[in-house]
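Letters go in sequence order (proteins before strands), and every chain restarts at 1. Just so you know, these numbers use all the heavy atoms, side chains as well, and skip hydrogens, waters and symmetry mates. This is a predicted model, so every value here is computed, not measured.
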Protein chains: 2
Amino acid sequence: MKKTIIAFSLLIIALLALFQLSKYTIFIGKTSVELITTIVATVFLIVGIYINKKTLHKEKSTTQKVDHSKIEELQISKREYEVLRKISDGLSNKEITEMLFVSESTIKSHVSSLLLKLNAKRRTQAVQKAKEMHIID
Amino acid sequence: MKKTIIAFSLLIIALLALFQLSKYTIFIGKTSVELITTIVATVFLIVGIYINKKTLHKEKSTTQKVDHSKIEELQISKREYEVLRKISDGLSNKEITEMLFVSESTIKSHVSSLLLKLNAKRRTQAVQKAKEMHIID
DNA sequence: ATTCTACTCATACTAAAGTACGAATTCTAT
DNA sequence: ATAGAATTCGTACTTTAGTATGAGTAGAAT
């Protein structure tokens, strides 16, 4: 919001500056009008691109972040969350076992409680729901 | 790609048109220079915003849009792709069965060939890889 | 016409995933 | 210190998932 205001302010200043410039150069020669037009065009083209880039970038970043409050709300523990992320990476229980140095029954416990907390029937559904809730990306 | 070329072409045409306009109005009066500058500025500002919106939307959407060429490259058929999307929604084979009105063995066939084509060991990994390749969103 | 591909289905099997107990240990906060 | 939550593990069991193999059918392409 603030940046767009600054951008527009700079825009108005640039406009006024160009008016002054055009008034000055008009006495020198008629050919310089083309030059002014080119400058004005390129400057405002760049300004236009800049404004749009700033505003769109904000939208982009907010839609990808993890919602930590939702994780707390569902009472998903640290370990469970680790497991959830591994599942989302497409790993099997055995593979997760090797990465977290615990037995398979432990992973199964975590998975089962995750399915309960996420209200899912399968690990694939758990991943889908977790992504929908922005718990994982 | 095509749209940006068209946009730049229109931009050049607009530039030339404004040059002609400036040459004509210069004989009428000196005050019209300000008007021309304003027109040029606003037009190119809008053009700048437009170009950026299109290019950014493409970046944004390419990260979300499906890469059909990749699907062809991997030789994933229509039916297989349907199954892949259902898997990504977290559905079980039985649930997919009910949605596509085929037997479970058919779904299993599709899943198996999908795992081969996506070089995955599990359905969860297939989903992860498919998302990475932008085959699904 | 027939070759090729996609889609379909079945059976039998192995492997993974998930459930349902119960229980020990560690960590944390009061 | 101790209650409570988190983490860990085990066993026995049921349910899905996935593999292997073979085969029938319909549609598109040559």
Side-chain angles (χ1 to χ4, degrees), chain A residues 66-133 135-136, chain B residues 66-133 135-136:
Chain A
V66 181
D67 185 2
H68 293 281
S69 62
K70 195 75 191 175
I71 298 170
E72 280 184 52
E73 193 188 313
L74 294 172
Q75 300 189 61
I76 293 169
S77 71
K78 262 179 277 175
R79 206 58 163 169
E80 283 165 356
Y81 187 67
E82 276 185 275
V83 173
L84 178 60
R85 267 170 18 206
K86 304 280 182 204
I87 291 171
S88 145
D89 287 341
L91 300 177
S92 69
N93 288 340
K94 198 176 275 177
E95 284 169 341
I96 299 169
T97 283
E98 286 159 14
M99 296 183 91
L100 300 183
F101 306 106
V102 287
S103 80
E104 202 181 336
S105 62
T106 306
I107 300 299
K108 284 189 178 183
S109 292
H110 290 319
V111 173
S112 282
S113 78
L114 270 171
L115 295 181
L116 260 173
K117 287 170 183 178
L118 288 167
N119 192 28
K121 286 175 190 166
R122 283 162 293 283
R123 49 168 62 211
T124 46
Q125 197 177 20
V127 170
Q128 188 269 321
K129 287 201 173 189
K131 287 194 178 179
E132 206 173 69
M133 290 177 183
I135 287 175
I136 51 173
Chain B
V66 281
D67 185 1
H68 293 281
S69 62
K70 195 76 191 173
I71 298 171
E72 279 184 51
E73 193 187 314
L74 294 171
Q75 299 189 62
I76 292 168
S77 70
K78 263 177 277 175
R79 206 58 163 167
E80 283 165 357
Y81 186 68
E82 277 185 273
V83 173
L84 178 59
R85 268 172 13 210
K86 303 281 182 202
I87 291 171
S88 144
D89 288 339
L91 300 177
S92 69
N93 288 340
K94 197 175 275 178
E95 284 169 340
I96 298 168
T97 284
E98 286 159 16
M99 296 183 91
L100 301 182
F101 306 106
V102 288
S103 80
E104 201 181 337
S105 63
T106 305
I107 299 300
K108 283 188 177 182
S109 291
H110 290 319
V111 172
S112 281
S113 77
L114 270 170
L115 295 180
L116 259 173
K117 287 170 182 177
L118 288 166
N119 192 29
K121 286 175 190 165
R122 284 162 292 284
R123 47 169 62 210
T124 45
Q125 197 178 19
V127 170
Q128 189 269 320
K129 286 201 173 189
K131 287 194 178 181
E132 207 174 69
M133 291 175 182
I135 287 176
I136 51 173

Separation of D/dA5 C1' from A/Leu74 CG (nearest whole Å):
17 Å

Is there a side-chain contact between A/Asn93 and the phosphate of C/dA17, meaning an N or O under 4.0 Å from OP1 or OP2?
yes

To the side chain of B/Ser92, which of D/dT7, D/dG18, D/dA17 is closest?
D/dA17

Once you apply a heavy-atom cut-off of 4.0 Å, does B/Thr106 come out as touching a base, just sugar-phosphate, or nothing?
base

Return the minimal non-hydrogen interatomic distance between A/Ser88 and A/Lys131, and the atom names on each side.
OG-CE, 4.1 Å

Could you pick out which residue, A/Lys94 or A/Ser109, lies toward the 5' side of DNA chain C when each is mapped onto its nearest nucleotide?
A/Lys94

Separation of C/dA17 atom C1' from A/Ile107 atom CD1, nearest Å, is 13 Å

As an exercise, state the distance from CG of B/Leu74 to CG of B/Leu116, rounded to the nearest 0.5 Å.
11.5 Å

Please give, in whole Å, the distance from D/dT16 C1' to B/Leu91 CG?
14 Å

Of the candidates C/dC7, D/dG18, C/dC9, the side chain of B/Val102 sits closest to C/dC9

Using a cut-off of less than 4.0 Å, is there contact between a side-chain N or O of A/Arg122 and OP1 or OP2 of C/dG18?
no

Are side-chain heavy atoms of A/His110 and A/Ile96 found at a separation under 4.5 Å?
no

Which heavy atom in B/Leu91 sits nearest to a heavy atom in B/Arg123, and how many Å separate them?
O-NH1, 3.0 Å

Atom NZ of B/Lys86 to atom C1' of D/dA17: distance rounded to whole Å?
19 Å

What is the nucleic acid contact for A/Ser112, judged by heavy atoms within less than 4.0 Å: base, sugar-phosphate only, or nothing?
base

Can you tell me how far P of D/dT16 sits from CD of B/Glu98, to the nearest Å?
11 Å

When you measure from the side chain of B/His110, which nucleotide among C/dT8, C/dT11, C/dG18 comes out closest?
C/dT8

Taking every non-hydrogen atom, the tightest pair across A/Glu80 and A/Gln75:
OE1-O, 3.9 Å

What integer distance in Å separates B/Leu116:CG from D/dT19:P?
7 Å

A/Lys129 with A/Glu132: basic N within carboxylate O range, under 4.0 Å
no

Find the distance B/Glu95:CD to D/dT16:P and express it as a whole number of Å.
9 Å

Hey, which of these two, B/Thr124 or B/Leu100, hits DNA chain C nearer its 5' end, going by closest nucleotide?
B/Leu100

Base, sugar-phosphate alone, or nothing: which one does A/Ser103 contact when heavy atoms must sit under 4.0 Å apart?
sugar-phosphate

A/Arg79 CZ to C/dC27 P, in whole Å, measures 12 Å

Within the structure, does a side-chain N or O atom of A/Ser77 lie under 4.0 Å from either OP1 or OP2 of D/dT7?
yes

Side chain of A/Ser105 only, heavy atoms from C-beta on: which candidate in C/dA10, D/dT11, D/dT19 is closest?
D/dT11

From D/dG10, D/dG18, C/dG18, pick the nucleotide closest to the side chain of B/Arg123?
D/dG18

